[in-house]
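Report on the structure given below.
Numbers here are sequence positions counted from 1. We count ligands from 1, going down the list as the structure has it; atoms in each ligand are counted the same way.
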Amino acid sequence: MNGPVEPFKIKVVEPVNLPSEERRKEAIREAGFNTFLLLSEDVFIDLLTDSGTSAMSDNQWAGMMLGDEAYAGSKNFYNLEKAVQEVLGYKYMVPTHQGRGAEHLMYSHLVKPGHLVPRNMYFTTSKLHVELPGGKMVDVIIDEAHDPENLHPFKGNVDFKKLQKYIDEYGIDKIAFVNVEMDVNMAGGQPISMQNLRELREFCNDYKLKIIYDATRSSENAYFIREREKGYEDTPIINILNEMMSYSDGCIYSSKKDCLVNIGGFLATNDKEIFESTRNMVVVYEGLHTYGGMAGRDMEAVARGLREGTQYEYLKYRVNQVRYLGELLMKANVPIVKPIGGHAVFLNALKFLPHLSREQWPAQTLAAAIYEDSAVRTMERGAISKGRDKETGQNVFPKLELVRLTIPRRVYTNSHMEYTANSIVNLYNKRDTIPGLKMIYEPQYLRFFQARFEQVPL
Ligand code: P70
């Protein structure tokens with residue numbers, strides 16, 4: 001089996017080192033068995049995230065030299081605004097330093113105390129920015145998304161019966177808006193279909209409900225629509241994106257993923273009221289409305305990357321590199337979430353480490369064990385990420401207890417994928433020797449970033 005051929009050549013390289021076995025053992029203990037707390041220089045292959053870790057193109061770097069660093073009215077802002085208008089089809093754009101800045105502005109504007117926000121699964125920062133103004137995020141994704149083995153081609157789809165149930169139970173006035181994520185991260189990078197988006201628009205029109213997307217990985221979602229949905233086989237990605245967005249009232253966007261940059265975000269909308277209000281608040285929290293926390297050069301790189309990231313040949317290589325890693329693992333019977341997602345391969349930690357209880361945090365344990373074994377850095381995406389129930393204060397144990405092997409864009413070669421797969425297969429073969437963990441430090445917000453753990457002897 002060969003990996004997909006890269007549609008680029010490499011002009012700049014950054015050396016990486018494989019730390020010794022002794023150093024790896026020491027490093028993961030110093031980090032309290034939390035891969036977020038490892039030093040980057042102790043990591044050989046960094047699959048922690050696809051966020052802000054892309055390699056920029058020569059065209060993006062050239063754009064960085066054209067940064068207009070004026071406090072107000074920077075040229076690069078207008079280039080970015082135009083790119084958003086053309087690629088996504090929204091009229092108005094408010095820049096922010098990254099995705100959660102946009103979530104903060106959008107959700108604090110739309111959510112009032114006691115409101116519900118139905119969403120196709122949840123994302124950590126999104127959930128928090130709904131909870132901070134007094135709302136609650138509820139899950140309306142189809143059941144198939146909670147089953148790692150289910151092969152549904154669009155596991156990101158919304159289940160209208162679940163949505164209807166919340167409307168009937170709480171009343172339409174209690175629903176702030178419907179929140180729809182593209183290429184659903186916590187479900188394993190699973191796309192939503194165009195048909196589902198179209199039907200959701202019709203459903204929400206009946207209730208005059210707003211639809212706000214988390215369009216962070218919308219280009220990768222658009223690739224899956226082209227690959228899997230009838231009628232889109234030959235449609236340019238940019239047309240697919242325009243149609244997807246036309247079914248929404250606005251979106252938040254973390255540019256750090258599909259825009260192939262290291263920092264940036266924005267919100268975009270056709271709704272003048274949302275625009276005016278968030279444009280006003282951006283000056284309180286992020287910066288003037290023509291830079292929103294980004295340097296001019298950063299906005300230029302986002303503008304160019306947003307366009308570049310919609311090229312079909314690039315997206316095909318991108319999604320297929322992720323698939324290559326997933327297929328190598330599947331061939332060795334390592335339990336992963338299927339179908340293989342757009343930005344990452346997700347290991348099913350409950351199947352990988354069946355000898356551990358949920359309270360021993362199997363996904364956290366597995367991510368730490370992978371690092372210790374091979375210096376590959378991955379991320380827990382399970383009960384530690386989910387956090388405690390806001391009302392009861394109890395830990396919540398989601399069905400999906402996963403470790404994410406997230407592939408940065410245009411950064412690693414196929415032999416890096418092979419090294420990773422071989423290491424994980426070796427670890428799988430000695431999985432019953434891996435001891436679980438106990439949490440010894442837990443911060444209040446987004447605990448997964450800073451929590452610390454200790455091993456519990458087998
Ligand atoms: C990741 C990153 C960020 C993200 C996202 C979706 C669907 C919004 C954001 C926020 C970074 C991350 C964030 C929290 C926990 C772990 C990792 N996802 N919506 O690695 O955007 O990071 O720019 O503020 O995936 O998945 P930003």
Go through Glu144 and Lys155 one step at a time and tell me if the salt bridge (charged side-chain N to carboxylate O under 4.0 Å, His left out) criterion holds. CA-CA 6 Å; Glu144 286 88 338; Lys155 281 169 115 173; over 6 Å; no

May I have the step-by-step check of salt bridge (charged side-chain N to carboxylate O under 4.0 Å, His left out) for Asp50 and Lys257, ending in yes or no? CA-CA 6 Å; Asp50 62 330; Lys257 287 81 173 173; 5.7 Å; no

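Closest protein heavy atom to atom 5 (C) of ligand 1: Phe123 CE2, 3.4 Å. Regarding atom 27 (P) of ligand 1, its nearest protein heavy-atom neighbour is Gln98 NE2, 3.3 Å. Thr125 OG1, 3.5 Å is the protein heavy atom nearest to atom 10 (C) of ligand 1. Of the protein's non-hydrogen atoms, Phe448 CE1, 3.2 Å is the one closest to atom 15 (C) of ligand 1. Of all protein heavy atoms, the one closest to atom 6 (C) of ligand 1 is Asp214 OD2, 3.4 Å.
Note: Tyr371 and Phe33 fail the aromatic proximity criterion, with ring centroids not under 6.0 Å apart.
Checking side-chain atoms of Asn34 against main-chain N and O of Ala451 turns up a donor-acceptor pair under 3.5 Å. At least one donor-acceptor pair under 3.5 Å links the side chain of Gln60 to the backbone N or O of Ala301.
Between Lys91 and Asp271, none of the side-chain N atoms (NZ, or NE/NH1/NH2) sits under 4.0 Å from a carboxylate O, so this pair counts as no salt bridge. For Arg323 and Glu327, the salt-bridge test fails: no basic side-chain N is under 4.0 Å from an acidic carboxylate O.
Counting atoms of ligand 1 from 1 in the listed order, those under 4.0 Å from a heavy atom of Glu181 are 7 (C). Less than 4.0 angstrom separates some heavy atom of Ser254 from each of these atoms of ligand 1: 21 (O), 23 (O), 27 (P). Residue contact check: Thr124 has heavy atoms under 4.0 Å from atoms 14 (C), 15 (C) of ligand 1. For ligand 1 and Arg217, the ligand atoms under 4.0 Å from any heavy atom of the residue are 1 (C), 5 (C), 7 (C), 25 (O), 26 (O). Set against the non-hydrogen atoms of Phe449, the atoms of ligand 1 under 4.0 Å away are 14 (C), 15 (C), 16 (C). Close contacts of ligand 1 with Thr49, meaning ligand atoms under 4.0 Å from a residue heavy atom, involve 1 (C), 20 (O).
Taking CG of Asp183 as the reference point, atom OG of Ser218 lies at 9.0 Å (rounded to 0.5 Å).
Contact annotation for Arg381 and ligand 1: only side-chain heavy atoms (C-beta onward) come within less than 4.0 Å of the ligand. Contacts between His343 and ligand 1 below 4.0 angstrom, taking non-hydrogen atoms only, are absent altogether. Proximity of Lys256 to ligand 1, defined as any heavy-atom pair under 4.0 Å, is confined to the side chain (atoms from C-beta onward).
Between Asn185 and ligand 1, at least one N/O pair is under 3.5 Å apart. Among the atoms of Ile252, none of the N or O lies under 3.5 angstrom from an N or O of ligand 1.
Only one option out of Thr49, Thr406, Thr216, Asn185 pairs with His343 in a side-chain hydrogen bond (donor to acceptor under 3.5 Å, both in side chains); it is Asn185.
For the ligand labelled ligand 1, residue Met182 lies outside the 4.0 Å heavy-atom shell.
A side-chain N or O of Ser74 and one of Asn76 form a donor-acceptor pair less than 3.5 Å apart.
Tyr312 carries Arg226 over the face of its six-membered ring, with the cationic atom under 6.0 Å from the centre and within 45° of the normal.
Nearest-residue assignment for atom 24 (O) of ligand 1 (options Glu380, Glu103, Arg100; heavy-atom criterion): Arg100. One option in Met379, Arg404, Lys257 has a heavy atom closer to atom 26 (O) of ligand 1 than any other, and that option is Arg404.
Taking the six-membered ring where tryptophan is involved, the planes of Tyr317 and Tyr314 are tilted, since the angle between them lies from 30° to 60°.
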